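Just so it is clear, the model here is predicted, and its values are computed rather than measured. What's counted below: heavy atoms across the whole structure, side chains too, no hydrogens, waters or symmetry copies. Chain letters run A, B, ... following the sequence lines, proteins first and then strands; every chain starts at 1.
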Protein chains: 2
Amino acid sequence: MEAAYPIQPELDRTFAALAHPVRRAMLLRLAAGPASPSELGAPFRMSQPAISRHLHVLEEAGLITRERSAQWRPCVLHKDPLLEADSWLMEFRRSWEERLDRLDGYIEHLHETSSDIMQKEREDGREHTNG
Amino acid sequence: MEAAYPIQPELDRTFAALAHPVRRAMLLRLAAGPASPSELGAPFRMSQPAISRHLHVLEEAGLITRERSAQWRPCVLHKDPLLEADSWLMEFRRSWEERLDRLDGYIEHLHETSSDIMQKEREDGREHTNG
DNA sequence: AAGTTATATAACATACTAGTTAATAACAGC
DNA sequence: GCTGTTATTAACTAGTATGTTATATAACTT
């Protein structure tokens with residue numbers, strides 16, 4: 001059976017990665033250029049393994065890759081997932097603005113009928129209760 | 001002691017809210033106008049309490065408010081947190097582009113010195129190891 | 001070879017997430 | 001006041017996230 005709504009695991013991981021202040025700070029730092037884990041971890045009072053795990057989350061989200069240069073593992077930013085996140089926000093904005101466009105007509109409509117916005121809800125709602 | 005990096009719990013909650021496909025779908029639906037929990041939950045094969053909890057997450061993130069109209073609790077979108085999320089992405093993009101601007105000069109620099117990008121890392125790194 | 005530095009992994013504790021079913025609350029309409 | 005509808009809350013389970021300390025791995029240094 002097909003899902004009735006978009007399943008986007010990459011977008012899930014991207015937004016989840018952005019939901020932690022340490023990882024956001026790391027990404028901002030990486031926007032300026034590659035950096036080693038120790039440099040990325042320096043601003044945080046947090047153990048070295050914790051930093052390593054945050055980098056792992058960023059890597060799983062496709063936001064960075066870790067390369068090798070001697071004992072350093074410089075992290076390089078990949079911004080494609082962020083573009084995807086941005087696309088979602090743009091799609092949202094588009095829907096929002098479409099709605100504003102429709103509002104003009106809707107306000108006209110209100111002048112002619114009841115202003116109880118839930119009336120339509122009641123009429124439409126019967127066909128799709130969950131249980 | 002002050003944190004060495006920006007702590008933004010609202011942004012944390014916003015991105016975390018966006019990290020679930022059901023909640024993203026709900027927000028897109030709400031961009032078109034208010035809706036009841038049952039309407040919002042209709043597309044998903046998921047119990048009604050689960051829907052209610054997702055709405056709670058959106059409410060905690062400030063993305064919706066739940067009003068009362070008889071036994072219905074119409075959900076209304078508030079897009080301010082999404083604007084904040086968008087701002088973060090814009091800040092990121094700004095840093096990214098600043099970096100590209102600097103790259104021109106950097107490439108000049110490479111022609112004069114070693115191309116081992118980690119050399120600088122080694123020199124800078126000593127003063128801030130964690131542990 | 002032995003020591004140091006940089007980083008990752010293992011093992012663990014704790015908290016949070018996301019789902020379930022069952023119970024409860026608020027309201028509409030007969 | 002009973003009954004059905006809408007929605008939330010309670011109690012629980014399973015899985016994931018985030019931190020810790022201890023240990024392992026890899027590469028440079030002497």
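Atom CD of Glu10(B) is surrounded by 12 or fewer heavy atoms from other residues, nucleotides or ligands within 6.0 Å.
With respect to His78(A), the side-chain contact (heavy atoms from CB on, under 4.5 Å) criterion is satisfied by exactly one of Leu83(A), Thr65(A), Leu63(A): Thr65(A).
Taking side-chain N and O atoms only, Ser47(A) has no distance below 4.0 Å to OP1 or OP2 of dG19(D).
Residues His56(B) and Arg53(A) each lie close to DNA chain D; by heavy-atom proximity, the contact nearer the 5' end of the strand is made by His56(B). Nearest-nucleotide positions on DNA chain D place Arg23(A) closer to the 5' end than the other of Arg68(A) and Arg23(A). Nearest-nucleotide assignment on DNA chain C puts the 5′-proximal partner with Arg73(A), out of Val57(B) and Arg73(A).
In this structure, of dT18(D), dT7(C), dT21(D), it is dT21(D) that holds the atom nearest to the side chain of Pro49(A). Of the candidates dG19(D), dA7(D), dT9(C), the closest approach to any side-chain atom of His20(A) belongs to dG19(D). Nearest to the side-chain atoms of Pro37(A) among the listed nucleotides dA26(C), dT7(C), dG19(C) stands dT7(C). Comparing dC12(D), dG19(D), dT8(D) against the side chain of Ser52(B) picks out dT8(D) as the nearest. Among the nucleotides dG19(C), dG19(D), dC27(C), the one closest to the side chain of Ala50(A) is dG19(D). Of the listed nucleotides (dG19(C), dT18(D), dT7(C)), dG19(C) has the atom at the smallest distance from the side chain of His54(B). The listed nucleotides are dA18(C), dA6(C), dT8(D); the one nearest the side chain of Ser38(A) is dA6(C).
Between the CD1 atom of Ile51(B) and the C1' atom of dT8(D) there is a distance of 13 Å, given to the nearest Å. The nearest whole Å value for the distance from the CE atom in Met46(B) to the C1' atom in dT21(C) is 15 Å. In this structure, the CZ atom of Phe44(B) is 14 Å from the P atom of dA18(C), given to the nearest Å. Computed from coordinates, the Leu40(A) CG to dA8(C) C1' distance equals 15 Å when rounded to whole Å. If you take CZ of Arg13(A) and C1' of dT17(C), they are 17 Å apart, rounded to a whole angstrom. Atom CG of Leu55(B) is separated from atom C1' of dG19(C) by 15 Å (rounded to the nearest Å). In this structure, Ile64(A) atom CD1 and dT7(C) atom P are separated by 12 Å, rounded to whole Å. Rounded to an integer number of Å, the gap from CD of Glu67(B) to C1' of dT6(D) is 16 Å.
Taking the side chain as every heavy atom from C-beta outward, Val57(A) and His20(A) never approach each other to under 4.5 Å.
A donor-acceptor distance shorter than 3.5 angstrom exists from the side chain of Ser36(A) to the backbone of Glu39(A), with no hydrogens or angles considered.
For dA6(C), the base has no donor-acceptor partner in the side chain of Gln48(A) [N/O atoms by modelled type, under 3.5 angstrom].
Under the 6.0 Å distance and 45° angle rule, Arg93(A) does not count as a cation-pi partner of Trp96(A).
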